[in-house]
Amino acid sequence: MKSLLRVVLSVLLLAGGAGPAVAEPAPAPVPAPQAAPPAAADAPWTPPLSTRGRYIVDARGERFRLRSGNWDGAQGSWNGSGDRSDPATHHAGQDSHGIPLGLDRVALPALLADFRALGLNSVRLPFSNEMLHTTAPVPDSAVAANPALRGRTPLQVYDAVVSALTDAGFAVILNNHTGSTRWCCGLDGNERWNSGRSTAQWADDWVFLARRYRDNPRVVGADLYNEVRRDTWDDPNWGLGDAHDWQAASQEAADRILTEANPNLLIVIEGINWTGIPLDGLAHGRPALTPVRTLSHTLVVSDKLVYSAHFYGYTGPHHSGATGLGETHDPRYQDMTPAQLRQTLYDQAFFVSAETGTHFTAPVWISEFGIGADESGAAPRAWFQNFTGDLAASDADFAYWPLVGWSTTAQGAPGGDSWAMLRYDATGRRTGVLDAADWRTAPWTALATAPGRTGPVPAAPSWYQLDTSHRDHVASLRTRAAGDWDTGARKAVCPDGARLAGLSHTGGYGLCTTSDLRSPAGGQTVVRDEAYVPAGGDWAGGYTKFQCPAGQFLIGYSERGERVSAALCAPARTPLATAGGRTVWFDRGDNRPAGAGGGDFASGHYKGQCSATEYAAGIAFTARVGSRPSPAALLCRALPAA
């Protein structure tokens with residue numbers, strides 16, 4: 001959990017003011033240990049993990065629901081001012097020394113046993129870019145309960161934690177939480193993936209870490225960056241094509257990880273956490289995953305995409321979480337009725353998994369939520385009950401923040417992070433959600449043991465959006481390996497195992513759907529003229545037609561400016577119809593079959609689409625003066641009978 005202090009300071013800094021320090025809330029009295037709640041039943045699973053529609057599945061195609069906790073510390077704990085050696089300058093008085101918390105108090109086997117007792121099957125493991133490059137060993141005191149880790153650098157300690165988790169059967173999702181090793185998330189220099197580094201350098205770090213754990217199959221995911229948000233002057237965006245474009249940067253990093261490091265990793269992409277200045281009268285808000293509806297990701301390994309979002313009761317869709325000076329009058333999540341909360345969660349995140357058969361359909365992982373053991377307010381407690389109930393009812397993947405904390409400071413005074421599920425004092429004595437006296441035990445247990453879909457998840461058609469508005473979007477590994485097929489043009493190609501199903505008249509958007517139509521022998525044809533239009537086969541009179549050769553089908557397209565530059569075709573594994581078909585015009589309005597899959601893949605633009613029983617065999621356009629030279633029609637022909 002990110003403390004209220006970070007939000008208050010963010011608002012004050014944005015407003016150009018300063019305010020008094022905000023004290024951490026006093027911890028609740030430590031209850032005597034009680035019986036642990038029942039852990040969720042362990043189910044065997046086989047890595048690697050992939051996705052099928054809204055579900056994550058293992059290598060056997062069995063549903064794998066992420067029941068996770070955030071084991072923080074390696075991302076940093078220093079609040080950004082004062083003596084770093086003083087625990088009082090660290091979040092909740094907890095100096096993590098840049099490694100996962102608790103290693104000074106509890107031996108790794110005991111920690112992992114407690115994780116298992118919580119019903120977890122996976123751990124989100126934050127890190128900072130600074131941690132990857134730190135060469136000084138951690139102090140012996142930071143690993144006092146695990147003396148075998150003495151003398152190791154933070155990254156080497158992180159290695160040991162990863163190995164311990166995966167050896168114990170947990171799935172590990174690596175999470176780039178911060179750039180510098182300090183507490184997140186305000187105006188702290190960690191607002192964006194490229195704060196303090198270039199996007200290329202950030203992606204380089206990801207490639208390095210993904211390669212480091214490539215031979216450990218239970219390291220299953222790369223959570224690209226945490227809570228992308230505004231800095232003092234600028235907002236992140238989703239699709240503008242500039243240096244602050246999170247959609248483009250995450251696509252770039254994801255494709256590099258999958259092609260240069262490990263094609264088996266799930267790629268977790270979080271929505272935008274905050275834009276605008278949180279003051280009444282100024283535009284501000286928490287977009288979360290709302291932009292995904294109009295612009296989604298299509299990766300070079302297409303069954304690896306997971307979206308994520310964070311929800312805390314004291315924040316809201318337009319509320320930063322600040323109190324007092326800088327607080328706006330927008331509702332918080334904890335101010336909402338159960339029905340309002342449910343609808344808001346759907347609008348901001350759950351629509352991605354609930355609306356199946358669209359270009360944006362994917363699993364949604366709520367990778368952070370939490371609340372304090374010492375929370376006594378009726379509204380926050382009700383929010384937690386309602387929220388965990390919604391997670392259970394939605395059969396959602398989830399990860400609580402944080403998993404481990406202290407129950408006393410290093411000096412023995414009361415302190416530590418009351419939000420932690422498991423809290424350990426200096427002697428290793430545990431309190432928290434495994435104790436029935438913790439008010440969170442009941443809602444957590446209900447969530448951790450909630451019934452959900454299990455067993456095999458059958459494969460179903462998937463849909464993928466292509467976008468050339470700012471750059472190439474070549475999602476095919478086979479096409480990438482063949483080199484640049486239209487130098488200087490903006491190119492888009494469907495993922496391997498998919499065919500082009502639709503195009504937009506403007507905007508450069510395409511729609512692909514899964515297909516086993518392509519010949520395993522490979523090969524592709526770049527079409528730049530009407531050489532393959534047979535005599536008497538003019539299917540778009542007066543328009544230029546880029547038609548695939550006989551026996552081939554469309555997998556890609558390219559544009560120079562607005563003008564269609566070329567079509568990319570691939571040979572089919574089975575004979576295709578070489579005559580007939582229909583012309584689907586979309587230069588004056590939408591032309592999509594009733595009930596067509598894929599959703600609105602080009603919002604605000606005219607678009608055309610072949611039916612599910614057809615393949616696209618050609619693109620028509622015109623270069624007449626006064627007309628747009630962008631795609632105007634598709635040639636759609638019947639697919640071979642199954």
Q: Quick one: do Arg52 and Asp303 satisfy salt bridge (Lys or Arg N to Asp or Glu O under 4.0 Å)? Show the steps, please.
A: CA-CA 7 Å; Arg52 288 186 181 175; Asp303 59 351; over 6 Å; no
Q | Stepwise side-chain contact (heavy atoms from CB on, under 4.5 Å) test for Val300 and Arg480 | A | CA-CA 10 Å; Val300 292; Arg480 287 186 176 207; 3.4 Å; yes
Q: Dump the intermediate steps for side-chain contact (heavy atoms from CB on, under 4.5 Å) on Leu174 and Arg124, then the final yes or no.
A: CA-CA 6 Å; Leu174 312 171; Arg124 182 178 185 244; over 6 Å; no
Q: Quick one: do Glu559 and Ser630 satisfy side chain to side chain donor-acceptor pair (under 3.5 Å)? Show the steps, please.
A: CA-CA 8 Å; Glu559 297 179 335; Ser630 51; over 6 Å; no
Q: Please step through ring pair (Phe, Tyr, Trp, His ring centres under 6.0 Å) for the pair Tyr509 and His605, ending with a clear verdict.
A: CA-CA 9 Å; Tyr509 295 100; His605 301 266; 5.5 Å; yes
Q: For the pair Asp600 and Arg592, evaluate salt bridge (Lys or Arg N to Asp or Glu O under 4.0 Å) and give the outcome as yes or no after the intermediate values.
A: CA-CA 10 Å; Asp600 188 348; Arg592 304 171 64 222; 5.7 Å; no
**Q.** Derivation of the side chain to side chain donor-acceptor pair (under 3.5 Å) call for Gln547 and Trp539
**A.** CA-CA 10 Å; Gln547 183 172 333; Trp539 50 274; 2.8 Å; yes
Q: Quick one: do Arg256 and Asp204 satisfy salt bridge (Lys or Arg N to Asp or Glu O under 4.0 Å)? Show the steps, please.
A: CA-CA 9 Å; Arg256 286 196 58 192; Asp204 286 344; 2.8 Å; yes
Q: Report the C-alpha distance between Leu289 and Val352 in whole Å, list the side-chain angles of each, state the deciding distance to 0.1 Å, and finish with yes or no for side-chain contact (heavy atoms from CB on, under 4.5 Å).
A: CA-CA 8 Å; Leu289 293 176; Val352 174; 4.3 Å; yes
Q.
Evaluate Leu554 against Leu568 for side-chain contact (heavy atoms from CB on, under 4.5 Å), listing each step before the verdict.
A. CA-CA 6 Å; Leu554 278 171; Leu568 188 66; over 6 Å; no
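Side-chain rings of His359 and Tyr464 stay apart, their centers remaining 6.0 Å or farther from each other. You'll find the ring centres of Tyr312 and Tyr333 outside the 6.0 Å limit. Aromatic ring centroids of Trp206 and Phe127 lie under 6.0 Å apart. Aromatic pair Phe546/Tyr532: ring centres not closer than 6.0 Å. His297 has its ring centre less than 6.0 Å from the ring centre of Tyr307.
For the residue pair Thr525 and Gln552, a side-chain donor N or O sits within less than 3.5 Å of a side-chain acceptor on the partner. Side-chain atoms of Ser122 and Ser68 form a donor-acceptor pair, as typed in the model, at a separation below 3.5 Å. For the residue pair Asp496 and Ser476, a side-chain donor N or O sits within less than 3.5 Å of a side-chain acceptor on the partner. With hydrogens and angles left out, the side-chain atoms of Gln201 and Asp205 include no donor and acceptor closer than 3.5 Å. No hydrogens or angles considered: a donor-acceptor pair under 3.5 Å links the side chains of Asn273 and Arg286. No hydrogens or angles considered: nothing links the side chains of Thr275 and Arg230 as a donor-acceptor pair under 3.5 Å. With no hydrogens or angles considered, no side-chain donor-acceptor pair links Lys491 and Thr468 at under 3.5 Å. Remark: the Asp486 side chain and the Ser565 side chain contain an N/O donor-acceptor pair separated by less than 3.5 Å. Remark: the His505 side chain and the Arg628 side chain contain no N/O donor-acceptor pair separated by less than 3.5 Å. Remark: the Glu355 side chain and the Thr358 side chain contain no N/O donor-acceptor pair separated by less than 3.5 Å. No hydrogens or angles considered: nothing links the side chains of Glu270 and Ser367 as a donor-acceptor pair under 3.5 Å. Remark: the Asp242 side chain and the His244 side chain contain no N/O donor-acceptor pair separated by less than 3.5 Å. Judged by distance alone, the side chains of Asn226 and Asn176 never bring a donor and an acceptor atom under 3.5 Å apart.
Annotation: side chain of Asn262 is not in contact with side chain of Tyr213 (no heavy-atom distance under 4.5 Å). With a 4.5 Å cut-off on side-chain heavy atoms, Arg490 and Arg471 do not count as touching. Between Arg212 and Phe208 there is a side-chain heavy-atom pair separated by less than 4.5 Å. When side chains are defined from C-beta on, Leu266 counts as touching Thr51, because their heavy atoms get closer than 4.5 Å. With a 4.5 Å cut-off on side-chain heavy atoms, Cys494 and Thr298 do not count as touching. Between Ile267 and Leu299 there is a side-chain heavy-atom pair separated by less than 4.5 Å. Between Pro317 and Gln348, some side-chain heavy-atom pair lies under the 4.5 Å cut-off. With a 4.5 Å cut-off on side-chain heavy atoms, Arg518 and Ile555 count as touching.
Ala460 and Thr514 get closest at one heavy-atom pair: O-OG1, 4.4 Å. Nearest heavy-atom pair, Lys304 versus Pro48, reported as atom, atom and distance to 0.1 Å: NZ-CB, 4.3 Å. Gly510 and Tyr557 get closest at one heavy-atom pair: N-OH, 3.0 Å. Taking every heavy atom of both residues into account, Ala616 and Leu634 meet most closely at CB-CD2, 4.5 Å. Residues Tyr606 and Asp590 come closest through the heavy atom pair CA-OD1, 3.2 Å. The two residues Ser627 and Thr622 make their nearest non-hydrogen contact at CB-CG2, 3.7 Å.
Cation-pi geometry between Arg192 and Tyr225 is not satisfied (NZ or CZ under 6.0 Å from the ring centre, within 45° of the ring normal). In this structure, Arg563 fails the cation-pi test against Phe621, since its NZ or CZ atom is not both closer than 6.0 Å to the six-membered ring centre and inside 45 degrees of the ring normal. A cation-pi arrangement, defined by a distance under 6.0 Å to the six-membered ring centre and an angle within 45 degrees of its axis, is present between Arg624 and Tyr543.
In this structure, Thr583 OG1 and Lys545 NZ are separated by 9.0 Å, a value rounded to the nearest 0.5 Å. Summarising the geometry, atom CH2 belonging to Trp274 is positioned 14.5 Å from atom CG belonging to Asp231; distances are rounded to the nearest 0.5 Å. For the atom pair CG (Leu635) and SG (Cys610), the distance works out to 7.5 Å, reported to the nearest 0.5 Å. Atom CG in Leu265 sits 10.5 Å away from atom CD1 in Ile173 (nearest 0.5 Å). Once rounded to the nearest 0.5 Å, the distance linking CD1 of Ile272 with CG of Asn237 reads 6.5 Å.
Judged by distance alone, with hydrogens and angles left aside, the side-chain atoms of Ser296 form no donor-acceptor pair with the main-chain N or O of Val292 at under 3.5 Å. Remark: the backbone N or O of Ala566 is paired with a side-chain donor or acceptor of Ser558 at under 3.5 angstrom.
The aromatic rings of Trp193 and Trp202 sit tilted, their planes meeting at an angle between 30° and 60°.
Across Trp463, Phe601, Phe351, a single residue satisfies ring pair (Phe, Tyr, Trp, His ring centres under 6.0 Å) together with Phe360, and that is Phe351.
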